[in-house]
Undergrad: 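Sharing a structure with you now.
Residue numbers start from 1 in every chain, and the chains themselves are labelled A, B, ... in the order their sequence lines are given, proteins ahead of strands. Note that the structure is a prediction, hence the values are computed from the model and not measured.
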Protein chains: 2
Amino acid sequence: MLKQQDLKHQRPKRGKSEIRKDELIEATLECISSEGLQNATVRKVAEYAGVTNGLIRFHFGSKDQMIQIAYQRLLEEIFQSSLAVVTESQLLPRERLRRFLKANLSSPIVTAQTVILWANFLPLTYKDEEMARIRREAYTKTTALFEELIEAALVDEGKVGVDEYCSKQKCRHLAIKLNSLIDGLWLEGSTADNSPYKEELVVIGLDAASDLVGMNLRE
Amino acid sequence: MLKQQDLKHQRPKRGKSEIRKDELIEATLECISSEGLQNATVRKVAEYAGVTNGLIRFHFGSKDQMIQIAYQRLLEEIFQSSLAVVTESQLLPRERLRRFLKANLSSPIVTAQTVILWANFLPLTYKDEEMARIRREAYTKTTALFEELIEAALVDEGKVGVDEYCSKQKCRHLAIKLNSLIDGLWLEGSTADNSPYKEELVVIGLDAASDLVGMNLRE
DNA sequence: CATAAAATTATGCAAATGCATAATAAAATA
DNA sequence: TATTTTATTATGCATTTGCATAATTTTATG
């Protein structure tokens with residue numbers, strides 16, 4: 001009902017509409033990161049995309065939906081870029097966890113651009129239920145992955161037994177701790193623009209994570 | 001030149017103007033936390049304060065200044081409420097650190113209201129130089145206090161020598177770690193509204209901090 | 001090619017917004 | 001009390017903003 005997805009044998013190429021929509025989403029993110037959400041008006045975003053404002057209504061229906069979709073995209077991109085480093089299956093669990101942490105403490109996640117975008121959207125998640133949902137969904141995904149990586153590493157290193165309740169609890173707590181640590185460092189790292197400090201942040205983060213997990217993740 | 005501060009023998013009572021300005025600042029914060037920065041217009045804030053919009057221009061000059069002053073107030077209030085718990089001078093350094101951490105993980109700092117306000121202001125600190133300055137100033141104060149508390153605790157517990165370079169470095173790193181951890185937990189704690197989880201966050205936070213500092217801060 | 005559908009622009013409007021300026025009220029002062 | 005400052009309201013204006021609606025162009029389809 002939504003689209004003629006399965007009519008005929010469709011070319012693998014995305015339809016023109018999808019491409020344009022993609023451009024508009026990217027333009028939205030660029031506009032917000034450059035001008036701030038306050039100034040990211042429908043007209044400005046259209047200007048960033050090189051189209052006229054009416055087109056945004058055509059593709060998104062309303063400004064609110066435009067914002068929601070852009071937020072979703074941002075979170076998905078962040079998730080994907082940290083997921084990418086752990087998909088190589090031949091890695092040791094510990095190394096996988098280490099890479100995941102490192103990815104979350106380096107570019108492209110730790111960039112002023114990313115944090116600025118994140119910060120601009122955040123307030124909306126407290127007032128707009130849909131934005132809250134989008135946030136929760138991404139958070140759940142990230143946390144699940146985190147717990148998974150932690151548990152695998154702990155089991156592999158013989159630190160916990162498998163399937164015991166207190167082990168689950170331990171992993172859950174560790175996930176919260178590591179997640180918080182990373183978020184905090186990420187926030188801090190984005191403010192200071194001197195890159196030597198940013199590299200130091202990775203070291204500090206892995207060091208702290210090592211203490212928390214009780215496992216050498218510094219390598 | 002600014003005010004007739006030292007003319008005559010002035011009553012200790014604040015002038016009417018100061019009181020009204022205070023009301024307007026509080027109204028600004030209330031309005032932002034209820035409606036979001038986007039909708040915190042001059043007229044809305046005036047409505048929250050029960051005055052007409054012209055008065056805001058009279059007291060603040062412009063909307064931008066109104067926002068800046070409100071931000072300053074928020075950060076000051078946050079700082080003061082965590083400072084309050086460590087001023088009792090007869091406390092052991094370790095207990096003092098512990099209380100500071102706990103304060104930063106409980107009400108009134110960890111409330112949706114506080115985080116919402118903080119989140120609303122944050123994006124501005126990336127575009128407005130004055131807002132960035134206000135943020136840096138508060139951050140510097142907090143970090144300095146943090147390092148102070150950490151160093152005192154480490155020295156008292158005999159974990160480090162006094163005045164050595166690597167000790168300073170250690171304290172600095174620990175301050176960054178604890179600060180990040182707390183910020184992350186704070187952010188997370190504000191989203192979930194179930195209070196049992198919030199109490200758990202304090203436990204988790206103190207537990208993690210204990211691991212990081214290498215000292216029992218759980219009580 | 002013809003025609004229907006999709007994509008895009010053009011135009012306009014009503015509401016909101018920040019700010020200015022004048023008018024008025026309240027308070028201080030002499 | 002008279003007068004000057006200070007505080008507050010009233011009014012208005014130019015601009016911006018989101019959205020609607022119609023017109024136009026482009027693309028797909030029979």
Side-chain angles (χ1 to χ4, degrees), chain A residues 1-25 27-28 31-32 35-70 120 124 127-128 130, chain B residues 1-25 27-28 31-32 34-70 120 124 127-128:
Chain A
M1 201 60 173
L2 283 172
K3 289 280 171 182
Q4 65 286 30
Q5 207 74 23
D6 39 16
L7 300 177
K8 302 277 180 84
H9 34 83
Q10 210 175 5
R11 287 169 283 186
K13 194 168 65 174
R14 288 177 306 174
K16 191 182 180 188
S17 180
E18 300 271 321
I19 294 175
R20 178 47 58 90
K21 202 167 178 180
D22 239 51
E23 288 172 4
L24 294 181
I25 295 172
T28 306
C31 183
I32 293 174
E35 320 253 357
L37 188 56
Q38 320 274 339
N39 305 328
T41 67
V42 173
R43 282 170 176 80
K44 273 264 179 64
V45 170
E47 194 183 320
Y48 270 71
V51 297
T52 52
N53 45 22
L55 201 57
I56 283 177
R57 177 176 154 73
F58 179 76
H59 283 283
F60 295 115
S62 72
K63 184 191 177 183
D64 283 353
Q65 284 193 48
M66 175 187 85
I67 299 291
Q68 288 164 3
I69 293 176
N120 271 283
L124 302 182
K127 298 300 163 192
D128 183 331
E130 176 62 11
Chain B
M1 203 58 177
L2 285 169
K3 291 276 172 187
Q4 67 285 32
Q5 207 74 24
D6 39 16
L7 300 178
K8 300 278 182 80
H9 32 84
Q10 211 175 2
R11 287 169 285 188
K13 192 168 67 174
R14 285 179 307 173
K16 191 183 179 186
S17 179
E18 300 269 321
I19 294 176
R20 177 46 57 89
K21 202 167 178 179
D22 239 51
E23 289 172 4
L24 293 182
I25 295 173
T28 305
C31 182
I32 292 175
S34 299
E35 321 252 357
L37 188 56
Q38 321 272 341
N39 305 328
T41 67
V42 172
R43 282 170 175 81
K44 275 265 181 61
V45 170
E47 193 182 319
Y48 270 71
V51 298
T52 51
N53 44 21
L55 202 57
I56 283 176
R57 177 176 152 73
F58 178 77
H59 283 284
F60 295 115
S62 73
K63 184 191 177 184
D64 282 354
Q65 283 194 50
M66 175 187 84
I67 299 291
Q68 287 163 3
I69 294 176
N120 271 283
L124 302 182
K127 298 300 164 193
D128 183 332

Undergrad: Please work out if T52(A) contacts a base, only the sugar-phosphate, or nothing of the nucleic acid, heavy-atom cut-off 4.0 Å.
TA: base

Undergrad: How many Å lie between CD on E47(B) and C1' on dT9(D), as a whole number?
TA: 16 Å

Undergrad: Are I32(A) and I67(A) side-chain neighbours, meaning at least one heavy-atom pair lies under 4.5 Å?
TA: yes

Undergrad: Can you measure R43(A) atom CZ to dT17(C) atom C1' for me and round it to whole angstrom units?
TA: 14 Å

Undergrad: For K44(B) and dA15(C), what is the distance between atoms NZ and P respectively, to the nearest whole Å?
TA: 16 Å

Undergrad: If I take atom NZ from residue K127(B) and atom CD from residue E35(A), how far apart are they, to the nearest 0.5 angstrom?
TA: 8.5 Å

Undergrad: Could you please name the option among dT21(C), dC13(D), dT11(C) that lies closest to any side-chain atom of N53(A)?
TA: dT11(C)

Undergrad: Provide the closest heavy-atom pair for A70(B) versus T28(B) in the form atom of the first, atom of the second, distance.
TA: CB-CG2, 3.8 Å

Undergrad: Using a cut-off of strictly less than 4.0 Å, decide whether H59(A) has a side-chain nitrogen or oxygen near OP1 or OP2 of dA6(C).
TA: no

Undergrad: Identify the heavy atoms of V42(A) and I56(A) that sit nearest to each other, and give their distance.
TA: O-CD1, 3.5 Å

Undergrad: Which atom names give the shortest non-hydrogen contact between C31(A) and K44(A), and what distance separates them?
TA: SG-CB, 3.9 Å

Undergrad: Ignoring hydrogens and angles, does a donor from either the side chain of R57(B) or the base of dG18(C) sit under 3.5 Å from an acceptor on the other?
TA: no

Undergrad: Of N39(B) and L55(A), whose nearest nucleotide on DNA chain C comes first from the 5' end?
TA: L55(A)

Undergrad: Tell me: CD of Q38(A) to P of dT16(D), nearest whole Å?
TA: 16 Å

Undergrad: Taking atom P of dT26(D) as reference, at what distance in whole Å does atom CD1 of I19(A) sit?
TA: 18 Å

Undergrad: Figure out the CG/C1' separation between L24(A) and dT8(C), and round it to whole Å.
TA: 11 Å

Undergrad: Are any of R20(A)'s side-chain N or O atoms less than 4.0 Å away from OP1 or OP2 of dT8(C)?
TA: yes

Undergrad: Between K21(B) (NZ) and dA7(D) (C1'), how many Å, whole number?
TA: 14 Å

Undergrad: Expressed as a whole number of angstroms, how long is the span from E35(B):CD to dT17(C):P?
TA: 10 Å

Undergrad: Look at the side chain of F58(B) and decide which nucleotide, out of dC13(D), dG18(D), dA7(D), has an atom nearest to it.
TA: dA7(D)

